[in-house]
Amino acid sequence: MPIISVENLTREFKVFNKEPGLKASIISLYRRPQRTVTAVDDLSFNIDKGELVAFIGPNGAGKTTTLKCLSGLLYPSSGSINILGYKPSDRKPDYLSQIGFVMGQKNQLWWDIPPQETFLLHKAIYNISDSDYKKRLNYFVKLLDLKDIISVQTKKLSLGQRMKCEFVAALLHQPKVLFLDEPTIGLDVVANLKLRHFIKTINQDLKTTIILTSHNMVDVAETCKRVLVIDKGKLFYDGSFSELLKKNAQYKFLKFHFDSSYSLSQFKKFGEIVKSGPNSITLKVPQNKHLKVASSILASYSVSDLNIEDTHLEDVIAQIYTDR
Amino acid sequence: MSLLKYIQIAKNTLQEYFTYRVNFFFWRLQVFFSFIIYYSLWFAVSSSQGGIASYTASSIYTYFVLGYLVRTLVFSTRTADIGGDIQNGNLSTLILKPLSPVKYYFARDTIDKLFNLIFMSFEFLLIIFLYKPQLIFPNPSSLLFFILLILFATISFFFYSLIISFITFWVDEAWSTRFLFGVVFVNLFSGQIIPLDLLPHWIQNILNFTPYPYFFFYPIKVWLNQLPISQYPSLLLSYLVLILVTYSISSFMWQKGKVKYQSYGQ
């Protein structure tokens, strides 16, 4: 029995059209044509308990709108959503007590006071007992190394520190379902790594069902086995991330270092030359031919080193988005 | 248990005030000087003439000194935050929690009033010390009724403030609406600047069909023993109707608005 069940979800927005310029602005005072934008278009999927799923897609695809409908923040225009046996848009307290939402660009921490005060507020809101509160806070403080941070004013924290505290605020009540909307946006490599590890840990330790949106494909690759690819509001892939890459990663990159110099023109027959140096060359070769090309070059030239790389994740995904 | 979350909200709000001590100090200074200007003006006018119209000098002094207290109790509010929260999408963080956003703002309002009241009491003593006004005190029944009307005025102004704030669900930039209905009309028509019974009768009659006199003017009239007890029942009924109407409109707007809410931004 899936914990999340979405059927034919559609969400539309009315937007006003305005031509550029001052004249158009004056006209818009008494006449504003509007059009309907379908941000989410007939989406259907199920998610089981304990899954860690990513929504990916280009900007404006409808990922965040979908997440907002699932959480109950937005009312669907049509279709149905059932999460934990509740209709999210009813916003019943029992439902809201079992979900958490971290938005990468919005704070739930009170800005002017330390995060620990927000945690105390959440303790009261979610009826967390003193012993559970202490136990959970200690767990998160240790896991995320927050000991010296939670008593500092939120506005004085770095983005990475703030995001860690946002996670704690969203998880103190141990929600069954956690929505993460671009949780690692703007974070540096180290902070990103730590949060990624944290997301995987809470999914494993606490069995929290997690749905996240991200433009960082390394985040997605490292944390999620399953992805839903959304574009123009429609779902066009629901399955394993590695399968998605395998199907769409059509090229390999072969990086050769040679003992001596060779003219570039000799290598054009093997594949596309993407980079070259005094004694090195990088070839872009179709996936199904890379081994044959590698062995041909190894047999014919004096190779000191060879690296075979997959297409960069971002390039594969960008290609998927572009091909739609 | 349910009350604990709102108590914690009040505590956190108080901590915010302690963070911005200087800002709060200058806010109180601004309020104090506004009062000094009004009071000095009316003091000058009424002391030279021994009173104005139906007001003796003492009743005018009492009107404005007491008005300082009434203003703090009734009009200090955090509901001005709501429009901004709707517009920038910060309301989302409230909607997604098992708490009532309206009660959240009420908790913030309550602590705002209490905090302002504490400081106002020192300012009040300063005013008494500086001006030594001859004040009028109510008889026991008027005092009780005054307290009741202040409570009703506070509640109805809260709902009125919600109505103005919830307009932001439909009008993206509602600052001017809030300023007009929440500041200008309230200041002009509640009797804060001029006692309403000094205005022409036809204006008073029109204003009696608006909520404004009930926020400020009528409680003070009761304190001044200037309303006969026979009018108390009809006045009480007016307040109950006002509370019911403002509550109903604000509830209706909230129910419709939260469906329309688009949670702008990420």
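Chain naming here is simple, since letters A, B, ... match the order of the sequence lines and numbering starts at 1 in each.
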Please look at [X] and chain B and tell me whether the side chain, the backbone, both or neither of the residue comes under 4.5 angstrom of a heavy atom of that chain.
{"X": "Y95(A)", "result": "neither"}
{"X": "N107(A)", "result": "backbone"}
{"X": "K155(A)", "result": "side chain"}
{"X": "S89(A)", "result": "neither"}

Handout entry: Option in T93(B), I95(B), V259(B), N12(B) with maximal non-hydrogen atom pairs under 4.5 Å from chain A
Key =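 Result: the option with the highest number of such pairs is N12(B).
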Handout entry: Best-contacting candidate, L94(B), I9(B), L91(B), against chain A by heavy atom pairs under 4.5 angstrom
Key =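 Looking at each option in turn, the highest pair count goes to I9(B).
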If you count heavy atoms of other groups shown closer than 6.0 angstrom to [atom1] of [X], is the number above 12?
{"X": "W27(B)", "atom1": "CH2", "value": "no"}
{"X": "Y20(B)", "atom1": "OH", "value": "yes"}
{"X": "K258(B)", "atom1": "NZ", "value": "yes"}

Over all heavy atoms of both residues, which pair between [X] and [Y] is shortest? Give the atoms and the distance, please.
{"X": "P98(B)", "Y": "P93(A)", "answer": "CB-O, 3.7 Å"}
{"X": "Q8(B)", "Y": "A124(A)", "answer": "CB-CB, 4.1 Å"}
{"X": "E16(B)", "Y": "I113(A)", "answer": "N-CG2, 4.0 Å"}
{"X": "L99(B)", "Y": "I125(A)", "answer": "CD1-CD1, 4.2 Å"}

Handout entry: Test item: H122(A) and K97(B) side chains (from C-beta on) under 4.5 Å apart, heavy atoms
Key = yes
Practice task
Flag the pair K68(A) / L96(B) as yes when at least one side-chain heavy-atom distance between them is below 4.5 Å, and no otherwise.
Solution key: no
Problem - Contacts of residues 69-87 of chain A with chain B (heavy atom under 4.5 Å) - result: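 From residues 69-87 of chain A, the residues near chain B are S71(A), L73(A), L74(A), Y75(A).
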Problem - Interface moiety of Y17(B) toward chain A, non-hydrogen atoms closer than 4.5 Å - result: neither
